[in-house]
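Read the structure below first, then the notes.
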Amino acid sequence: MTFAFFLPPRPRLNAVAFGLLFPALATAQGQFSGDLQLETQFYIRDTLIGASGTEHYDVLKSGGDAWVSLNYLNPDWDLSVGMRFDAHYNSNLHNPGTAFTGIGIGTFYVQKGVDKLDITAGNFYEQFGSGLTFRAYEERTLGIDKSLLGVRLIYDFSEDWSLTGLAGKQRNRFDLFAPVILGSRLEGRISLGEKVTLNPGMSVVNRAMDKENLDLVRANLAPTLASGDTVRPLSNVYAGSVYNSLNAGPVSWYLELAGKTNEYEKPDGSAWDQDGSAVLTSVSYSQKGFGVTGQFRRVNSFVLRTSPNEQLLNGIFNYLPTLTRQNSYRLPARYNAVAQDRGEIGYELDVIYTPVKGYTLTGNFSDIRTLDNSNLFREIYAELEVRLKSEWKLLFGGQNVIYNQEFYENKPGVKNVITITPFAEFLYKLDRRKSLRLELQYMNNDADFGSWIYGLLEFNLAPHFSVSAADMYNFKPTEKSPGKIHYYTFFTSYTQKANRFYLSYSRQVEGIVCTGGVCRFEPAFNGVKIGVTSSF
């Protein structure tokens, strides 16, 4: 277990002192707001599904996470101040299977406008273009908070043009990654008539590594080199992009081109780690009752981290948005294509069509391949929503997926997963406040854990109460599956104004979990979750 009761290091002590400003601000004109998110998990050992063998199931039995934010806004002063308190108690969030405890100030910031200049000091979130070269963001449900601690300046030359500059270090839980990140962005808007506009932009990012990380890179690379050979890691890595969004009536076109420099060199000056590149484009057309969007992305060795020593999701300071559909139904969402920064080519086509009132047809096709044209992921998806009466809604559809499990989950020798998944949902409103919702899903699969049936029944009493029960049954297991097992979920929530309380029991199979295009593998889970969310 990793335990770090947190008395913040020197920069964070400034954050604690900064928090003492709030009582003084309370007497000034302005508005306070905030929010709370808390979840506690109780672990029930279940050797049948693999929910065992870790300290949570064998020793600790519980863990939890909480975030409390407080913000102050004074429009008259063009000033905003905020801070967030984070608490993790034997948390399983950041690295599933390993407990982490840390308590302290998670983020803090001061933002002030001075004429055309916007100044932010502290923790901030930012994105350049689509995020190919830089994105500081948060995906709390995956334990990700990539805020930058430093300074950001935004200067508005006019209503249409602005320049952004930033410098700082990326957050690493309650610490910071040592390398420094600097970046700038220029964005604008050009009107070519009443219906045609251009939104061009460009970005430049520099990562400067510290001596300790440089020495560690040398040590890590030494075993991979031939006898007598050496390699020189470069402290500075540069990335840049140019992008533009064209809007012309019903047509929109986005294009972004990005590149990065190599990170190592041999003594003779030849590149040891190649330069990287990325291309992303999307074209969409929409009119009443019809819309279509096509996307393409090619990535080649486009890895941007605080240092090459970091692995998995650690230290990444850019973002490769997924090209595949973000499915909300349980079985269609079981297999996802994780973006490959080392190299991939992806295509996606999405269509929505309403031929007559009450009928909406949605279709999606996506295909992901390696740079040498090996198949990684393909999805064909279609659904039809029928809403002829206000009292009910019917939705049904199907999905076909080809998933390279050997590649995505590093499981040598396993065959590709090929699934066919029909599904249906029926929503019926009993009256103005009460409703019933039913989900039925079936997955045919001869690989991985085999075939599944899923059913969910949900009752809602708006706006206060909701209760549901679900069962995901592995009715036709393979040799790799634990067997014919029911994975139950029982959930209930109560909402009173801005406060929401929920309680659930779930037995969850292992697999890839994705949120906002960011994915990670999560082991099997069996236990109870209690949570509270509130805003004020």
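Bear in mind the structure is a predicted one, so any value in this text is a computation, not a measurement.
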**Asked** Backbone N or O of T120 within a donor-acceptor pair of the D118 side chain at under 3.5 Å?
**Response** no
Under the ring-ring contact (aromatic ring centres under 6.0 Å, His included) rule, collect the residues that match up with [X], sequence neighbours excluded.
{"X": "F377", "value": "none"}
{"X": "Y329", "value": "F423"}
{"X": "F290", "value": "none"}

**Item:** From CA spacing to verdict: salt bridge (Lys or Arg N to Asp or Glu O under 4.0 Å), R378, D367
**Value:** CA-CA 4 Å; R378 190 196 71 186; D367 186 87; 5.5 Å; no
**Asked** Which atom pair, heavy atoms only, marks the closest approach of E344 to V338?
**Response** OE1-O, 4.1 Å
**Asked** Stepwise, does the ring pair (Phe, Tyr, Trp, His ring centres under 6.0 Å) test hold for F124 with Y109?
**Response** CA-CA 7 Å; F124 56 86; Y109 72 92; 9.9 Å; no
Can a donor-acceptor pair be found between the side chains of [X] and [Y] at a distance below 3.5 Å?
{"X": "E348", "Y": "N364", "result": "yes"}
{"X": "S191", "Y": "T197", "result": "no"}
{"X": "S374", "Y": "D372", "result": "yes"}
{"X": "E187", "Y": "Y243", "result": "yes"}

**Prompt:** Stepwise, does the salt bridge (Lys or Arg N to Asp or Glu O under 4.0 Å) test hold for R84 with D35?
**Reply:** CA-CA 9 Å; R84 191 187 71 216; D35 60 79; over 6 Å; no
**Message:** Taking salt bridge (charged side-chain N to carboxylate O under 4.0 Å, His left out) as the definition, give me every residue that meets it alongside R305, ordered by chain and number, with sequence neighbours left out.
**Reply:**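 For R305, no residue satisfies salt bridge (charged side-chain N to carboxylate O under 4.0 Å, His left out) once neighbours in sequence are set aside.
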**Message:** Using the salt bridge (charged side-chain N to carboxylate O under 4.0 Å, His left out) criterion, which residues pair with E263? Sequence neighbours excluded.
**Reply:**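 Result, salt bridge (charged side-chain N to carboxylate O under 4.0 Å, His left out) vs E263: R207, K260.
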**Item:** Geometric class of the Y335/Y403 ring pair [parallel <30°, tilted 30-60°, perpendicular >60°]
**Value:**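 Answer is tilted, since the angle falls between 30° and 60°.
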**Request:** Please list, chain by chain and in numerical order, all residues satisfying side chain to side chain contact (heavy atoms under 4.5 Å, CB included) with I144, sequence neighbours excluded.
**Result:**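 Checked I144 against side chain to side chain contact (heavy atoms under 4.5 Å, CB included); matches are Y137, E139, L142, K146, L313, V518.
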**Distance under 6.0 Å and angle within 45° of ring axis: R325 vs Y381** =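 The answer is yes; both the distance and angle limits are met.
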